[in-house]
Structures are given as C-alpha cells and as structure tokens.
Colleague: 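Please see the structure below; I have some questions.
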Amino acid sequence: MPLTADSIQLGPWEGVRYDVPVEDVAPNELSSMSNVRLGQGGEASQRPGTLSYNSLGAVNSGATITMCAQFNSDATTEHTVIVAGNKIYDYSSGVWTDRTNSLTVTAGDDNTWEWAECNGVLAATSSADTNGFKISGGVATALDDNSRFANGKHNAWFDNRYWVGNVNGATNRVWFSNIADIETWGATSYFNFGGIVTALIPSQNALTVHTTEGIYTLIPTGNVDIPFISNKQTARAGIDGRSCVALPGDVQLMILEDGVYEWSGGAEIHKISEHLDGGYWPSLTQSRLHKAHAVYYPSENEVWFFLPHGLTNMDQVMVWNRLKRRWFGPYKGWERNCSTLIDNEVHAGDFDGFLLDHNATTNTDEGASISSRFETGAPSPVGPDVTVRWLMGRHYYDAQGTNQYITVLQRGAELVTEAKQLDLQGAGFQLDADFLDIDSLAELVQFSQDVPMQGYAPQTSVEVQKNVAGETFTHRKMFLRYKPLGRFIKDQPGN
C-alpha cells in the first residue's frame with residue numbers, strides 16, 4: 001500500500017563543502033568525501049585506481065621520482081621521461097632505459113625538476129644541480145647556458161625561446177635564450193624583478209612571471225633591440241611553478257598560502273577555494289605547500305592539486321572541475337612527488353621508483369582495495385526545530401555485478417542507527433548475464449532500492465561507504481522519506 005510520507009531529495013551533487021557544518025550543507029552538496037569523484041552529471045563514484053605505468057617495476061632500486069614528463073621529438077615520436085634518484089630514464093621498447101650518460105643528477109626527495117617542451121626538445125632544470133639537461137631522443141646532455149647562470153629553479157618555452165628564472169645568486173632574475181636556440185644566451189638577455197621568481201607560465205600573448213611581489217607579464221614587442229616589455233599586474237602570485245596551471249582562455253590557477261586562486265588578467269587574483277576553508281585547508285602542512293604540484297586533466301575538465309595533508313609529502317589530491325566550478329576530494333591512500341599528463345591521463349611519480357597511472361580500471365590501488373566514502377548534508381526538511389520521524393531512503397545508482405554492495409549509514413547528533421547494506425545488482429537484472437539490447441545501452445538507466453531509516457530528529461545525513469578490491473559504485477541521488485511530528489521542548493543537557 002502507498003506510504004504516507006513526505007520526502008527530501010539529496011543529489012545530484014554540485015561539490016563538497018568543508019567550510020560549513022553538515023547541518024548547513026545544501027541538498028545538492030556533500031559535507032565530506034574520500035576517494036570519491038563527482039561526475040559531470042553530479043553522480044558520486046569511487047575514484048579510478050592506480051597502476052604502475054605499463055606495469056613496469058621499480059626503477060633505480062626504488063629511488064624517488066623527482067620528474068615525470070611526456071613530449072614529442074617530432075610529429076610521430078613520443079617520449080616518456082622520468083628522473084629517479086640520480087638517473088634520467090626514457091621509456092623505450094617496453095622498459096626504462098638509462099639516458100643519464102655522464103650527467104650529474106643530485107638525488108633527494110625535494111630535488112624536483114621543472115621541464116618545458118622546446119620545439120621537439122625537452123629541457124629541464126632544478127635548483128639542486130648546476131646545469132639543466134636536454135633530451136630529444138638518445139642520451140640526455142647538459143644544457144649549455146654559456147656560463148650565464150646556474151641552478152635555475154623555474155623554466156618555460158615562450159615566443160620560440162627558452163626561459164629560466166630564479167637562478168643561483170639572482171633569485172629575482174629571468175634569463176631568455178636566442179630565438180629557436182635554447183643554448184645561446186646573450187650577456188644582457190635577462191630581466192630583474194623586485195621579488196623572488198616563483199613561477200614562469202606561458203600564456204597566449206605573454207610570459208607570466210610570478211614573484212613574491214606579484215605577477216608580471218613579459219610581452220613581445222617585435223623590436224630587435226627591446227624584444228619584451230615588462231608590466232606588473234597583481235600584488236600577489238603563486239608560490240611555486242609546479243602548482244601553477246595554465247588553462248584554456250588564458251586562465252591560470254595557483255596555490256597561495258591560504259588557498260587556490262584564479263587569474264584571468266587584470267589587477268586582481270580571485271580565490272576559488274572558499275569551500276575548502278575551515279575544515280580542510282587549515283589542516284594542510286603549510287610549511288610544505290611550496291612542494292605541492294598540480295596537473296590539468298583536459299578530458300575531464302579537471303585540475304588535480306597534490307597537497308600535503310598533515311605530512312611532509314604530498315599525500316592527498318583535491319580536484320577542481322573548471323566547467324562546473326566545483327571541488328571534490330580528497331583522493332588519498334598514497335604519496336606522490338611529481339605529476340604530469342601522459343597519454344592524456346594523470347600520472348604521478350612516487351617515492352619508491354614507480355610512475356603511476358591514476359586512471360586504472362582495476363578498481364584497486366596496485367591490487368589493494370580503495371576505501372571510499374561520501375556523506376551528504378543534513379538539511380532539515382521542515383525546519384531545524386521541527387522533529388520528524390525518518391522512515392525510508394530510496395537510493396538511485398548504476399547497477400554493478402552480482403554480490404556487490406555499498407554500506408549506507410544514517411548520521412545525526414540525535415540519532416543512534418545501524419549500518420545497512422544496499423545490493424548494487426538491481427532488482428531483476430544481472431549484469432553480464434541478462435540479455436542487453438545494444439540500442440538500449442545508448443540511454444543511461446538508473447536503478448533504485450529502498451533502505452530503512454530510523455529515529456526521530458529534525459535533521460539527518462547519509463553516508464555511503466565501500467572498501468572492496470576490484471569493485472566500484474556510482475550513486476546518483478536519494479530521496480529521504482519522513483513524517484513531520486511537530487515542535488517539542490528540548491531539555492538542556494543533563495536534565
């Protein structure tokens with residue numbers, strides 16, 4: 001018989017809110033999450049797993065990966081390059097091949113490298129080593145800087161020139177090479193800025209120079225004698241080049257001490273990480289934010305920020321969807337020292353000699369289960385002072401295989417509840433066993449089930465959990481059914 005009840009809908013979800021209590025989180029927002037991704041339709045799914053790049057073993061006796069890169073030496077030849085400890089490797093014929101040659105590479109977890117693709121040549125620089133290196137196929141060789149500078153920290157390829165900034169003895173200086181020649185440097189081919197150079201980011205019409213005194217732009221003039229002019233744009237700037245990201249439309253994202261900011265030109269940068277304030281950003285290891293790194297993931301319209309959550313190393317990822325303008329995360333369960341896009345997917349280097357693919361379809365982290373969870377907000381359906389009886393929750397999800405479950409928990413300060421199991425198979429349907437019509441697969445079908453709820457309280461949230469190797473879930477929305485009871489006098493604690 002029909003159930004006499006009202007309902008409140010939670011989801012699809014438009015981001016996570018760490019800046020407000022769970023009771024103030026809206027029905028289309030989440031209050032917390034871990035290892036869960038929000039898709040374009042607002043669905044909550046377990047994040048993809050991780051797997052060693054091309055299933056390769058550890059390199060250089062498990063040395064820390066301090067750089068990972070992919071570039072094209074010509075129109076048809078692609079190279080994947082890593083720095084592991086004191087060695088430089090190129091992926092070739094199914095194995096990592098040592099390309100170090102006679103170069104000196106100083107090992108160390110913090111001795112990370114920045115790299116730029118310079119018209120078929122990868123050029124890299126690190127403040128830990130006197131000379132940078134270049135590689136275009138074959139062995140790596142020391143980059144000839146004409147003895148103009150040493151120990152460059154930041155680099156870029158812009159206007160057909162190679163740029164290196166924050167060098168030994170001149171942290172405020174940016175050098176630029178001759179046109180189409182990354183190893184010829186004029187004696188006066190540099191700019192000095194008022195603050196320490198923290199990042200070099202190419203844009204469509206200018207090189208953006210981040211410094212401790214703000215953002216500057218270097219704009220080509222077309223004049224041989226004065227090839228660039230410098231203009232100061234903002235009073236604040238990103239704290240390090242590896243955590244600055246250039247996006248389409250001449251937009252840049254950058255990490256500062258108090259959050260993530262966006263700049264699209266003009267005199268101001270704008271904070272976009274307000275929803276991470278309060279419950280998340282203050283828990284980061286502030287003294288290690290300068291080692292954070294980020295990567296733009298175009299196929300998903302996402303920017304991944306690798307952050308230090310209470311540790312020295314980058315052990316969590318917060319994700320910004322640039323089109324939906326929403327945050328989700330963190331992803332966690334490992335530590336990563338560098339990251340980049342390889343084969344159009346996010347890859348990251350760890351501290352044990354592995355380059356990891358972060359879009360593995362195994363639903364495991366190198367064989368281990370992924371502990372994933374999310375919690376909804378707890379909006380009051382009638383009012384925060386109106387008690388209701390919670391009856392039933394209808395959950396909408398994508399069907400999985402047989403004997404696959406998620407755990408559903410009801411949360412609330414005034415509730416004592418027990419965990420429930422929700423079978424993801426779907427009533428009357430068994431994936432990979434029942435006949436599927438090809439035309440029917442063109443439309444996404446949601447399955448639904450009811451899960452009993454309990455208790456009397458004005459508000460409740462719902463937590464969904466999963467921690468089984470090789471399995472995943474996609475949860476799309478839920479309807480929580482209730483009966484209003486009215487307003488009651490609430491005793492003080494202890495009475």
Side-chain angles (χ1 to χ4, degrees), residues 2-3 5-16 25-49 299-302 319 321 323-324 326 328 361 363 370 372-379 381 390-411 419-453 460-468 470-482:
L3 183 67
D6 296 317
S7 68
I8 180 172
Q9 178 178 344
L10 305 182
W13 294 280
E14 294 298 323
V16 64
V25 173
N28 65 340
E29 298 170 335
L30 296 174
S31 63
S32 66
M33 60 198 309
S34 175
N35 289 328
V36 167
R37 179 180 181 273
L38 289 184
Q40 297 301 319
E43 70 277 11
S45 303
Q46 181 176 282
R47 66 161 171 83
S299 63
E300 297 293 348
N301 300 305
E302 295 171 357
V319 183
N321 186 304
L323 293 186
K324 299 291 186 178
R326 65 188 181 202
F328 59 87
T361 58
N363 296 320
I370 301 171
S372 55
R373 58 166 295 277
F374 70 88
E375 184 175 352
T376 69
W390 296 102
L391 303 173
M392 196 80 64
R394 177 160 293 181
H395 295 256
Y396 291 78
Y397 58 92
D398 293 358
Q400 305 295 328
T402 58
N403 298 318
Q404 294 196 29
Y405 301 86
I406 54 175
T407 301
V408 178
L409 301 97
Q410 187 182 349
R411 302 287 193 188
K420 309 290 185 181
Q421 297 293 309
L422 192 154
D423 187 346
L424 297 178
Q425 176 177 318
F429 178 87
Q430 186 172 343
L431 195 64
D432 294 331
D434 291 342
F435 176 76
L436 296 177
D437 183 80
I438 296 299
D439 293 335
S440 299
L441 290 179
E443 297 181 0
L444 191 61
V445 178
Q446 300 180 38
F447 290 82
S448 62
Q449 287 186 47
D450 289 339
V451 174
M453 300 179 70
T460 188
S461 63
V462 176
E463 182 175 346
V464 173
Q465 301 177 351
K466 192 170 186 67
N467 188 13
V468 180
E471 296 183 8
T472 187
F473 71 89
T474 295
H475 197 299
R476 295 189 172 273
K477 59 179 179 285
M478 61 186 76
F479 287 82
L480 308 185
R481 295 168 177 171
Y482 64 91

Colleague: If we ignore angles and hydrogens, is there a donor and acceptor under 3.5 Å between the side chains of Y397 and Q449?
Modeller: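 Short answer, yes.
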Colleague: Please find the pair of heavy atoms, one from A44 and one from V36, that lie closest to each other, and give the distance.
Modeller: CB-CG1, 3.8 Å
Colleague: What is the minimum heavy-atom distance between R481 and A5, and which atoms define it?
Modeller: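 Looks like CB-CB, 4.3 Å.
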Colleague: Is the NZ or CZ atom of K466 positioned over F473's six-membered ring, under 6.0 angstrom from the centre and within 45° of the axis?
Modeller: no
Colleague: Could you pull out the closest heavy-atom pair between V408 and L422, with the gap in Å?
Modeller: CG2-CB, 4.2 Å
Colleague: Would you say the side chain of Q40 lies within less than 4.5 Å of the side chain of K324, judging by non-hydrogen atoms?
Modeller: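 Result yes, sub-4.5 Å side-chain heavy-atom pair found.
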Colleague: Answer whether the closest heavy-atom distance between the side chains of E43 and T474 falls below 4.5 Å.
Modeller: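 Answer yes - side chains close enough.
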Colleague: Taking S461 as the fixed residue, which of R411, Q410, E375 is the one that meets the side-chain hydrogen bond (donor to acceptor under 3.5 Å, both in side chains) rule?
Modeller: E375
Colleague: Please report the interatomic distance NZ(K420) to CG(D450), rounded to the nearest 0.5 Å.
Modeller: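 Rounded to the nearest 0.5 Å, the NZ-CG separation comes out at 13.0 Å.
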Colleague: Would a distance-only check, ignoring hydrogens and angles, find a side-chain to backbone donor-acceptor pair under 3.5 Å from E29 to A26?
Modeller: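 Such a contact is found between E29 side chain and A26 backbone.
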Colleague: Regarding D398 and R476, does a basic nitrogen lie under 4.0 Å from an acidic carboxylate oxygen?
Modeller: yes
Colleague: If we ignore hydrogens and angles and just use 3.5 Å, is the side chain of T407 paired with the main-chain N or O of Q421 as donor and acceptor?
Modeller: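 Between the backbone of Q421 and the side chain of T407 there is no qualifying donor-acceptor contact (under 3.5 Å).
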Colleague: Between OG of S372 and CD of E471, what distance do you get to the nearest 0.5 Å?
Modeller: 10.5 Å
Colleague: With rounding to the nearest 0.5 angstrom, report the OH to NE2 distance, Y396 to H475.
Modeller: 10.5 Å
Colleague: Check whether any side-chain heavy atom of W390 lies under 4.5 Å from a side-chain heavy atom of P381, and answer yes or no.
Modeller: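 W390 reaches P381 side chain to side chain.
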Colleague: Suppose we screen for ring pair (Phe, Tyr, Trp, His ring centres under 6.0 Å). Which residues come up paired with Y405, at least two apart in sequence or across chains?
Modeller: none
Colleague: Scan E463, Q46, Q465 and name whichever one has a side-chain hydrogen bond (donor to acceptor under 3.5 Å, both in side chains) with R373.
Modeller: E463
Colleague: Can any side-chain N or O of Q404 pair as donor or acceptor with the backbone N or O of T402 at less than 3.5 Å?
Modeller: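 Such a contact is absent between Q404 side chain and T402 backbone.
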Colleague: Please give me the minimum heavy-atom distance between L30 and T376, naming the atom from each residue.
Modeller: CD2-CA, 3.8 Å
Colleague: So do the side chains of L424 and I406 get within less than 4.5 Å of each other, counting heavy atoms only?
Modeller: yes
Colleague: So, taking the atom named OH in Y482 and the one named CE in M392, what distance separates them when rounded to the nearest 0.5 Å?
Modeller: 15.5 Å
Colleague: Quick one: which of L38, V464, N35 gives a side chain to side chain contact (heavy atoms under 4.5 Å, CB included) with F374?
Modeller: V464
Colleague: May I ask you to test the V462-L409 pair for a side-chain heavy-atom distance under 4.5 Å?
Modeller: no
Colleague: For residues 7-14, please give each side-chain donor-acceptor pair under 3.5 Å, one per line with the distance, not counting sequence neighbours.
Modeller:
{"unit_1": "Q9", "atom_1": "NE2", "unit_2": "G11", "atom_2": "O", "d": "2.8"}
{"unit_1": "E14", "atom_1": "OE1", "unit_2": "R326", "atom_2": "NH1", "d": "3.0"}

Colleague: Could you measure the distance from the CG atom of L391 to the CG atom of L480? Nearest 0.5 Å is fine.
Modeller: 10.5 Å
Colleague: Salt bridge check, R37 against E302: does any charged N sit closer than 4.0 Å to a carboxylate O?
Modeller: yes
